[in-house]
Colleague: 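The structure that follows is given in the form of structure tokens.
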Amino acid sequence: MNTRVLTEQEEYLYRIRHSTAHIMAYAVQQLFDDGEKVVRLAIGPPIDNEFYYDMEVPRPITPDDFPEIEKHMKALVKANEPFLQEDWTFDQAHEWFSERNQKFKLELIDGLLNRDIDSLSEGISDDGVSVYRSGDFTDLCKGPHVEKTRECRHFKLLRVSGAYWRADQNREQLQRIYGTAWSTKGELRDYLRMLKEAEKRDHRRLGKQLDLFQTHPESAGAVFWLPKGTIIYNKLAEKARKLYQNEGYHEVRTPLIYDKSLWETSGHWEHFRDDMFTFPNELGDPASGLKPMNCPAHMLIFKSKRRSYRDLPYRLHDQGVLHRNEVTGALSGLTRVRQFCQDDAHNFVMPEQIEEEHNRIIGLIRRIYKTFDLPFRSVLSTRNPDHFMGDTTVWDEAECALESVLENNDLDFEINPADAAFYGPKLDFYVKDSLNREFQCATVQLDFQLPERFDLTYAAASGNMERPVVIHRALYGSFERFIGIIIEHYAGAFPTWLAPVQCVVMTISERFVSYAKEVRNLLEAQQIRVVLDDRDDKIGAKIREARLELVPYMFIIGEREVENRTVSVRVREEGDIGAMDLSVAVERILAEVDIDF
RNA sequence: GCCGACGUAGCUCAGUAGGUAGAGCACAUCAUUGGUAAUGAUGAGGUCACCGGUUCAAUCCCGGUCGUCGGCUCCA
């Protein structure tokens with residue numbers, strides 16, 4: 001799935017993690033295999049930074065079991081057993097694993113025998129399977145592994161969860177144990193430190209701490225944006241509006257509820273129904289639904305008039321409220337919600353405009369992400385030969401166009417073969433935040449199908465009616481998720497233009513309140529988001545509070561400031577920078593308030 | 001939806017081998033008029049998520065519901 005080539009060091013870490021997964025499985029077997037009920041192993045691959053092993057265990061494992069498991073793991077590491085690879089025949093493997101009642105391994109072996117693609121990653125050669133032994137532990141595995149268990153001494157178990165065998169919810173639910181492993185103590189320490197830091201800046205925690213948003217059981221999966229969070233939300237929305245308007249987009253507002261017939265035309269009723277909130281008619285049958293996407297509405301608008309090639313590209317921007325009925329278990333903070341808005345747009349273009357339109361969109365993406373200091377990479381998903389709709393030549397041309405767009409834009413990209421939606425190839429953009437974590441944000445999807453389903457046409461220069469292509473694109477992604485990402489990216493310390501409170505004016509004693517009010521009014525007149533802290537409290541306490549709120553500027557006002565008509569300025573990143581003329585201080589804030597994408 | 005863990009004051013968290021609960025912060029009142037991360041005193045705050053069951057007695061044990069968290073699946 002990932003076509004990037006691993007570096008030598010990454011490859012070594014993968015081997016360590018893969019081997020540590022074996023060691024962990026062995027430890028779990030030692031602990032939980034009680035003769036009657038065996039631990040049945042499924043799969044245990046390395047992943048980025050971590051590894052896991054899926055297994056069926058006699059009783060659920062909890063984090064309380066970790067110390068004991070780790071203890072057993074350490075003993076095995078200390079024994080410094082070699083990892084020995086052996087090639088077994090299918091019969092040999094079958095016999096061995098069936099004696100030990102390892103039904104998942106047997107299923108994998110059968111899969112290998114039948115050349116089932118899902119099993120290929122587990123271990124194969126032409127006439128048999130590959131197994132690895134380390135001490136008393138033997139596992140079906142194609143490797144590669146480290147040479148000896150001692151190379152796996154820097155690990156830590158992290159969490160447990162459920163996982164379905166073969167990712168199929170109709171199959172057995174297994175226990176998955178996640179851990180991390182590294183080649184040196186320092187790497188492990190750094191990684192654990194990073195996890196701790198990530199926890200500290202978790203947007204759910206900061207959202208509460210900074211009074212940005214909240215959720216309530218009365219509307220699970222929907223966000224209550226508090227005054228401070230709403231400022232950020234509106235700011236992002238306003239910036240997007242302005243940016244797109246300048247790029248020739250037309251903003252529209254469209255209904256939330258539509259008759260079922262629309263969803264049938266768009267295909268959502270068939271493909272997306274489970275994720276939709278629907279409303280019944282008098283008979284109790286679903287008859288309408290809340291929109292999970294804006295596209296059908298925009299199709300109606302396009303179709304409502306006779307369009308000419310001169311109108312294209314025709315771009316409709318919509319920040320409408322979307323609802324998707326996610327299963328309860330999937331909901332999480334701002335990243336996975338049932339109600340959200342996107343900076344959504346649908347661009348209707350002629351096929352020959354695909355490349356240029358993508359160039360423009362990528363230009364926008366660049367400008368937006370640069371503003372937030374978010375580096376990004378892109379992934380191009382191409383046609384799945386078994387599952388696509390439309391004409392192969394159109395697809396080929398479109399894919400070529402997208403690839404050359406990426407190249408011409410000097411973008412770091414990968415190709416994800418056969419991963420496109422059936423209606424068209426797509427580009428996904430992943431940003432990397434300040435902790436080096438990746439999140440999917442922007443998505444740009446070509447769509448050959450909706451224009452077909454809605455029978456959209458435009459009058460071409462020739463006078464013939466031709467079919468436009470639709471580009472779905474959302475560059476923040478959803479406002480909710482994007483705000484979640486930047487909360488963590490900035491660790492809550494928003495740049496001045498986004499900060500809900502940009503400046504706190506604070507008095508050293510009540511005697512200076514009237515000048516402080518003057519200062520506050522002046523800032524307000526400049527549209528600076530200012531709060532006056534004139535409480536009967538010590539200045540240290542006021543500063544402490546404003547710091548905890550991560551306010552970028554504090555103006556401190558005491559006797560000296562009143563006398564000289566100045567303010568003492570304290571900057572979030574620099575601390576106390578001393579007294580200055582009020583006008584100078586205001587200028588400094590204003591310089592940071594007006595940013596353009 | 002599924003597996004597991006969790007749900008105690010606005011927040012962060014203690015606690016009870018079953019006898020209706022406690023701290024710090026926040027909040028209120030009073031005193032204090034203070035110069036760059038916490039002035040002091042006093043006070044108010046809880047049907048221990050909700051609904052049932054067991055028990056003389058349930059925040060604690062059992063069952064269910066809702067929600068949250070870690071994942072699976074999916075995706076903005």
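For the numbers below, each heavy atom of this structure counts, side chains included, while hydrogens, waters and symmetry mates do not. Computed from a prediction, not measured in an experiment: that's the story for all the values here. Letters A, B, ... are given to chains in the order of the sequence lines, protein chains preceding strands, and every chain is numbered from 1.
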Colleague: What interatomic distance, in whole Å, is found between C1' of G52(B) and the corresponding atom of U59(B)?
Modeller: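 Nearest-Å result for U59(B) against G52(B) at atom C1': 16 Å.
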Colleague: If I pick the P atom on G10(B) and the same atom on G45(B), what distance separates them, to the nearest angstrom?
Modeller: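 That atom pair is separated by 12 Å.
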Colleague: G1(B) and U65(B): how far apart are their C1' atoms, nearest whole angstrom?
Modeller: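 To the nearest whole Å, 16 Å.
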Colleague: Are Tyr476(A) and the base of A76(B) stacked, counting only ring centres nearer than 5.5 Å and planes tilted under 30°?
Modeller: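 Here Tyr476(A) fails the 5.5 Å or the 30° condition.
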Colleague: Please evaluate the base of C75(B) for a donor-acceptor partner in the side chain of Arg336(A) within a cut-off of under 3.5 Å?
Modeller: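 Indeed, a donor on one side and an acceptor on the other fall under 3.5 Å apart.
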Colleague: Say we look at C72(B) and U55(B): how far apart would their C1' atoms be, to the nearest angstrom?
Modeller: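 Here C72(B) and U55(B) have their C1' atoms 40 Å from each other.
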Colleague: One character per nucleotide, please: for nucleotides 59-65 of chain B, 5' to 3', B when the base has a protein heavy atom closer than 4.0 Å, S when only the sugar-phosphate does, - otherwise.
Modeller: -------
Colleague: Across the strands shown, which category fits Ser568(A) at heavy-atom distances under 4.0 angstrom: base, sugar-phosphate, nothing?
Modeller: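 Base contact.
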Colleague: Taking everything shown except Arg253(A) itself, do over 12 heavy atoms lie less than 6.0 Å from its CZ?
Modeller: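 Open: at most 12 neighbouring heavy atoms sit under 6.0 Å from CZ of Arg253(A).
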Colleague: Going from CD on Glu251(A) to CZ on Arg315(A), what distance comes out if it is rounded to the nearest 0.5 angstrom?
Modeller: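 So the CD of Glu251(A) and the CZ of Arg315(A) are separated by 15.5 Å.
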Colleague: Please check the phosphate of C72(B) (OP1 and OP2 only) for any side-chain N or O of Ser161(A) closer than 4.0 Å.
Modeller: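 Checking Ser161(A) against C72(B): no side-chain N or O falls below 4.0 Å of OP1 or OP2.
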Colleague: For nucleotides 4-15 of chain B, give me one character per nucleotide, 5' to 3': B if any protein heavy atom sits under 4.0 Å from the base, S if the only such contacts are to the sugar-phosphate, - if neither.
Modeller: S------SS---
Colleague: Looking only at side-chain N and O atoms, does Arg204(A) come under 4.0 Å of OP1 or OP2 in G70(B)?
Modeller: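 So the side chain of Arg204(A) is within the cut-off, an N or O lying under 4.0 Å from OP1 or OP2 of G70(B).
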Colleague: Would you write the dot-bracket representation of RNA chain B, where each base gets (, ), [, ], | or . depending on whether it forms a Watson-Crick or G-U pair under 3.5 Å and with which partner?
Modeller: (((((((..((((.....[..)))).(((((.......))))).....(((((..]....))))))))))))....
Colleague: Does A37(B) have its OP1 or OP2 closer than 4.0 Å to a side-chain nitrogen or oxygen of Arg547(A)?
Modeller: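 Answer no for this pair, as no side-chain N or O of Arg547(A) is under 4.0 Å from OP1 or OP2.
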Colleague: Check the phosphate of C74(B) against Tyr164(A), side-chain N and O only, distance under 4.0 Å to OP1 or OP2. Yes or no?
Modeller: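 For Tyr164(A), the contact criterion (side-chain N or O under 4.0 Å from OP1 or OP2 of C74(B)) is not met.
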Colleague: Between the base of A76(B) and the side chain of Glu326(A), is there a donor and acceptor pair under 3.5 angstrom?
Modeller: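 Such a pair exists between side chain and base.
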Colleague: Considering only side-chain heavy atoms of Val337(A), which listed nucleotide, G35(B), U33(B), A76(B), is closest?
Modeller: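 For the Val337(A) side chain, the nearest candidate turns out to be A76(B).
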Colleague: May I ask you to check whether Phe372(A) and Phe482(A) place their ring centers less than 6.0 Å from one another?
Modeller: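 Distance test on ring centres: under 6.0 Å, yes.
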Colleague: Using atom C1' of each nucleotide, how far apart are G15(B) and C51(B) to the nearest Å?
Modeller: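 Their C1' atoms lie roughly 25 Å apart.
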Colleague: Mind checking whether Phe51(A) and His18(A) have ring centres under 6.0 Å apart?
Modeller: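 No, the ring of Phe51(A) stays outside the 6.0 Å limit from the ring of His18(A), centre to centre.
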